[in-house]
Amino acid sequence: MAATYREFTGLNLPATEQEILAKWTEQQAFEKSVSLREGATPFVFYEGPPSANGMPGIHHVISRTLKDLVCRYKTMKGFQVKRKGGWDTHGLPIELGVEKELGITKEDIGKKISIEEYNQKCREAVLRYKDKWDDITRKMGYWVDLNDPYITFKNEYIETLWWLLSELYKKGLLYESVSIQPYSPAAGTGLSSHELNQPGTYKDVKDTSVVAMFKTVKDEKTGFLYNALGQDNTSDEVFFMAWTTTPWTLPSNLGLTVGGNIDYVLVKTFNPYTHLPVNVVLASALLGKYFKPEGENGDFGGYTAETKLLPWTVLTTFKGKDIEGASYEQLLPFEANSFEDSIQYSTENAKPFRILVDSFVTTEDGTGIVHTAPDFGADDFKVGTKYGIGYFTHVNKYDKREKLVLVDLEGKFVNGLGEFSNRFVKNYKDDKAYADVNVDISVKLKKENRAFKVEKYEHSYPHCWRTDKPVLYYPLSAWFIKTTAIKDRMVQLNKTINWKPASTGEGRFGNWLENMVDWNLSRSRFWGTPLPVWQTEDGREEVCIGSIEELNAGIRKASEVLGGDVNKNYLHEGILDLHKPYVDEIILVSPSGKPMKRVPDLIDVWFDSGAMPYAQWHFPFENKETFKQSFPADFIAEGVDQTRGWFYTLHAIACLVFDSVAYKTVVSNGLVLDKNGNKMSKRLGNVVNPFETIEKFGADATRWYLITNASPWDNLKFDLDGIKEVQRKFFGTLYNTYQFFALYANVDGFSFQEKYIPLEERPEIDRWILSSLNTLVKTVTGSMDDYEPTQAGRAVEDFVDEHLSNWYVRLCRRRFWKGEYSGDKISAYQTLYECLETVVRLVAPISPFFSDAVFRNLNAITNRFPGVESVHHTDFPVANEKAIDESLEERMQLAQDASSLILSLRKKVNIKVRQPLQKVLIPALNPKMKEQLEKVEDLVKAEVNVKEVEYLNPDNTFISKKIKPNFVALGKKLGPKMKAVSTALSQFSQEDIARLEKEGQYNLSIDGESVILQITEVEISSEDIPGWTVANKGSLTVALDVTVTPQLEAEGNAREFVNRIQKIRKESGFELTDRIEVIVTAANGMKESISQFKEYICAEILADKLEIVAELSDGIEIEVNDVLLKAIVSKKG
RNA sequence: AGAUCCGUAGCUCAGCCUGGUUAGAGCACUACACUGAUAAUGUAGGGGUCAGCAGUUCAAAUCUGCUCGGGUCUACCA
């Protein structure tokens, strides 16, 4: 006999995977999958670089499965898919990790440890877990090229970043400006949001809060307020009331912000402190906070200092937008914040002291009017910038380091603020004698009739996690990329990107683009890409370096021009490492001959990763051609949390520098949650270890589970039981189907040597499964092309389980072990083989191991793919349209439904399937249906063990029918009359239905109007057959003749007997082909049954002798339909 | 605070785009059956205010609005 198909010894996915992995390594399967496509159209994929300073988690497995399956699929579709790996190696997480490890803080860097040493530690830390990552990459079957990855800390990589930055600089898109950042005066440093999110930084504190009164200026905008004051008003002053918990910011006030659609009121009343008559403006929703209802329209004339109840009356109501642009007087004018000397000096054309409108205003607290100091609040800064009310921050073009913020970096007021000058705004020095300047400001306002309410207010406020002192939001200088300049273009290009799911692109990403702000690149850390900008001391001259060569030229030039020791360590070889501290030692020279130093900033690590399309190839310094062919990407995929991270930075840089998208399709996968829907975190201890999972259940089962359980973009509740189910149900079934095939193919020596039997010569069921298979290929291809792997996987699951295993194989079993090796049997083998071979190619992208194992086993014998080592080197199956026969698939569905119904009827009357029954009755509603049923009649009969099928013609009066409206058709036609018609139809008699069927239409009278019903507008189905047991599903009805005649009973006995003997054969461990001899005692009716069907029985059990005797002293006791027998079964020969 | 996704059986998910009258499947549970591949499978059973409210419509799980609950991102140094 020829070589045999390898049979598995059990379904052990992890073991199979080990074996396949070894083969892949040995045969360089991945490399070949790429090289075999040399010259083919490239499919460009970008690998988002992971940071290898942490352990890989299960959430990495899902996005990498997604990436891998798309790349494998595209390879099989004939593209060449190169996958260059990469590592993200800069950034705060790495630095914090190192700090923790060394037990130091940011301040210690440069003091306790040199920057050089520190960065060396970071460099060592970044690839700490690279081995683990390589390991998981291998074990999960992720094909990516890790031999030549891009690494973001490499000089070549950084050089490309510099080039990009210099391109931006040349276009005027890189600029220095001021932004409001959390700042700790006590520690003298800015804080990252990460630091601000440390536990315990937000504390409840009691601060002095004040409702300040800003006196309006009478002009066009405010005129209507003054007009509303009334004749009897004893005051002609109108005040805007604004509330703050940080009175120290009041001297810096430059605007008041209101909500455009919020209702405001002008209220006539008295100042509760000075008892002077005043008119104040606040949000109407907040009246209750300051005025008692009893005081409304109270006694104004009788009000004195002693009156407790404040009288008040609303003079007019208006919207916030009605006072947009209104002016008011500066609240606390001093020398240092005077308009002429300070504000205008700080900001050209500033227009301060106006009413602004913005959506962040609410009426939950305060007055509905927000005191706006652009220096000390991000929202304030934003709205202030929008309206151009100016800043105190002074960035002088020619002396940019001079700042004129009213509070200095130590947290104290500057000079020129009268009695508040040089006082700390909070007690930063732990001064025991500290007098709260906020209280003093409030007192001053009270005295000046400029405060309406002063009270202690408890709220949550961020504190510096190192000093425990409150944080200030403070303007600090930073470098920005002017992304807003090309916002429209970015929005426009985004519309050409295929987002999966689309909502992320339109919604989350689209909105993000709409509300884009300039990209703050600056980071004041140590381990990262340095900003390549050098400036002269006075800031008047600066240069942005775009390459190492340019820098080295600058180094030499500076040395020549400036002389002395300048750059002496870099003259010989140039710069060797583009990191701190080396770059900071470089002095360049300006055109006017002045020394220039590098600005201290590093850049956002997201720029590193967003620049990978260029930097991974060291473009434009090398690989120009390679770059051209691999930009933009056809496909990228990462977690949805990257939407505003990597997806954004890729898009931004591509738009800015190349006016192009960076990727054509992007799939954003959701999060992996634990089985209870909680985010996995080390703290909760619910993290799933991917190594253990893969070792235990196998990568294939894990991958299959991750992909088919939910759409990749939905969050996934990860549950190990789900993987077990996948293993058992999908892989178990596929495995069994293969084992079944191998078992018999080995017996018969089938190796696909015979010529391919044309479809038309194959039996109905073969043509059906092949039609189904080709439909499946179409479905899967469509889903995969649409980046819907979940649907692809589910479709295959359904096919393997319902069609292939539980219908085709089950119904065809006999064909494989009965009869000669010819004709029908070969057809069966060829059919099943084709199904298996096609299915493993379909699932190869998702479950690359098991599919390859089965493929290799099959191809080893048949060599249908000559010389092909792996399923991953084959082409993806292409549907054969000619094999698809919809009508065939439809009638097989009919057969399955009919069988299911008949089995259900058998169950109802408790007649087991081995007991043959005589007849089923099926009403055929139309000739087409009858024709369809007739073609599958034999299958149904065999499946449910019934001898004949009888059809009832539509015009019989035997069965009763039911009628219901075809809602889709009738709804459109009738509209509101639908209900009445529906009721009328439900009252139809059998005669009415018959008349409608006969005449094809029916005249109904609804509310006096006549409605003509067409036959096509109703659905008629059979309901019942009097005297028969019936069941129905949809339009299919079956009735079963449940009479068991003696003849049928005898046959049932015989079948039951066969079953018992087969069990004995199996238990005795006989081979499938062993011939046997049987001696049996049979009493009562059993003797007749057995002798009558002796021939049938012998054929079934492969017996050469079946002897019935009266007595047996030994033998196995068997029970056939409640009759006890004894039997001796012996192997012949 | 804003944006976005999600909410259907005890659990995991279909169905929603394109509205149609008994809302499905698998898992789990129970009983019976089938099996000369099966770790399967079939049949039957229990299990649902389709998160809630309002609207549009003859008709809403499906379309619209609001509310609630959960997740994520952003809110100026990942």
Side-chain angles (χ1 to χ4, degrees), chain A residues 10-11 51 91-93 96 179-182 190-195 359-360 362 378-379 381 473 476 478 501 503-504 507-512 515 517 520-525 528 601-602 604-606 639-645 670-671 673 675 677-679 708-710 713-717 719 721-722 725 727-729 731-733 735-744 794 798 801 805-806 809-810 813 816-817 899-900 903-908 910 912-914 964-971 974-982 1059 1062-1063 1065-1066 1070 1072 1100-1102:
Chain A
L11 178 59
S51 183
L92 199 59
L96 291 180
S179 76
I180 310 300
Q181 301 162 34
L191 297 175
S192 65
S193 68
H194 180 93
E195 289 167 304
S359 56
F360 72 82
T362 69
D379 280 336
F381 186 83
Y473 285 89
L476 296 172
S503 59
T504 299
R508 188 186 281 215
F509 197 66
N511 284 316
W512 168 248
N515 300 315
V517 294
N520 182 352
L521 265 188
S522 291
R523 300 293 183 267
S524 45
R525 295 293 318 191
D601 310 50
L602 298 184
D604 187 1
V605 282
W606 287 111
V640 69
D641 50 341
Q642 295 294 337
T643 305
R644 285 157 188 183
L671 302 171
L673 310 172
K675 61 190 285 187
N678 299 310
K679 194 183 179 184
T708 59
N709 188 62
W713 33 89
D714 283 339
N715 290 343
L716 174 80
K717 287 184 193 165
D719 187 359
D721 286 338
E725 193 182 323
Q727 199 182 32
R728 194 166 47 88
K729 213 172 148 55
F731 290 98
T733 308
Y735 159 84
N736 282 320
T737 308
Y738 170 77
Q739 288 287 83
F740 173 86
F741 166 80
L743 180 68
Y744 293 106
R794 285 175 177 170
D798 280 353
D801 184 45
S805 172
N806 282 305
V809 174
R810 199 155 55 86
R813 265 182 314 221
F816 292 92
W817 52 267
S899 301
S900 158
L903 289 174
S904 128
L905 289 174
R906 277 183 169 274
K907 166 74 194 153
K908 209 181 267 175
N910 253 326
K912 53 175 113 178
V913 182
R914 269 190 228 106
K964 73 172 190 181
N966 176 345
F967 283 96
V968 181
L970 267 184
L974 298 176
K977 277 181 255 169
M978 193 65 225
K979 249 187 188 141
V981 172
S982 181
N1059 171 260
Q1062 299 288 33
K1063 260 190 191 147
R1065 280 187 63 117
K1066 198 177 184 183
F1070 294 171
L1072 288 175
E1100 288 295 309
I1101 64 177
L1102 300 185

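In what follows, chains are A, B, ... by sequence order, proteins preceding strands, each numbered from 1. Since the model is a prediction, treat every value here as computed from it, not as a measurement.
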Do A/Asp601 and A/Leu521 come within less than 4.5 Å of each other through their side chains, counting heavy atoms only?
-> no
Parallel, tilted or perpendicular: which describes the rings of A/Phe816 and A/Phe740, with under 30° parallel and over 60° perpendicular?
-> perpendicular
Given that both distances must come in under 3.5 Å, which nucleotide forms a Watson-Crick or G-U wobble pair with B/A54?
-> B/U64
Contact class for A/Asn520 vs. all strands (heavy atom < 4.0 Å): base, sugar-phosphate, or nothing?
-> base
Using a cut-off of 4.0 Å on non-hydrogen atoms, how would the nucleic acid contact of A/Tyr744 be classed: base, sugar-phosphate, or nothing?
-> sugar-phosphate
Please determine if a side-chain N or O atom of A/Asn1059 lies less than 4.0 Å away from the OP1 or OP2 oxygen of B/U35.
-> yes
Any A/Arg728 side-chain N or O less than 4.0 Å from OP1/OP2 of B/A40 | yes
Answer with base, sugar-phosphate or nothing: what part of the nucleic acid does A/Gly670 contact at a heavy-atom distance below 4.0 Å?
-> nothing
Could you tell me whether A/Asp601 contacts a base, only the sugar-phosphate backbone, or nothing, with contacts defined as non-hydrogen atoms closer than 4.0 Å?
-> nothing
Listed nucleotide nearest any side-chain atom of A/Arg525, set B/C13, B/A37, B/C77 = B/C77
Check nucleotides 5-7 of chain B for protein N or O atoms closer than 3.5 Å to its own N or O atoms and list the pairs.
none

Between A/Asn736 and B/A40, does any side-chain N or O lie under 4.0 Å from OP1 or OP2?
-> no
Is A/Arg906 near enough to B/A33 that one of its side-chain N or O atoms lies under 4.0 angstrom from OP1 or OP2?
-> no
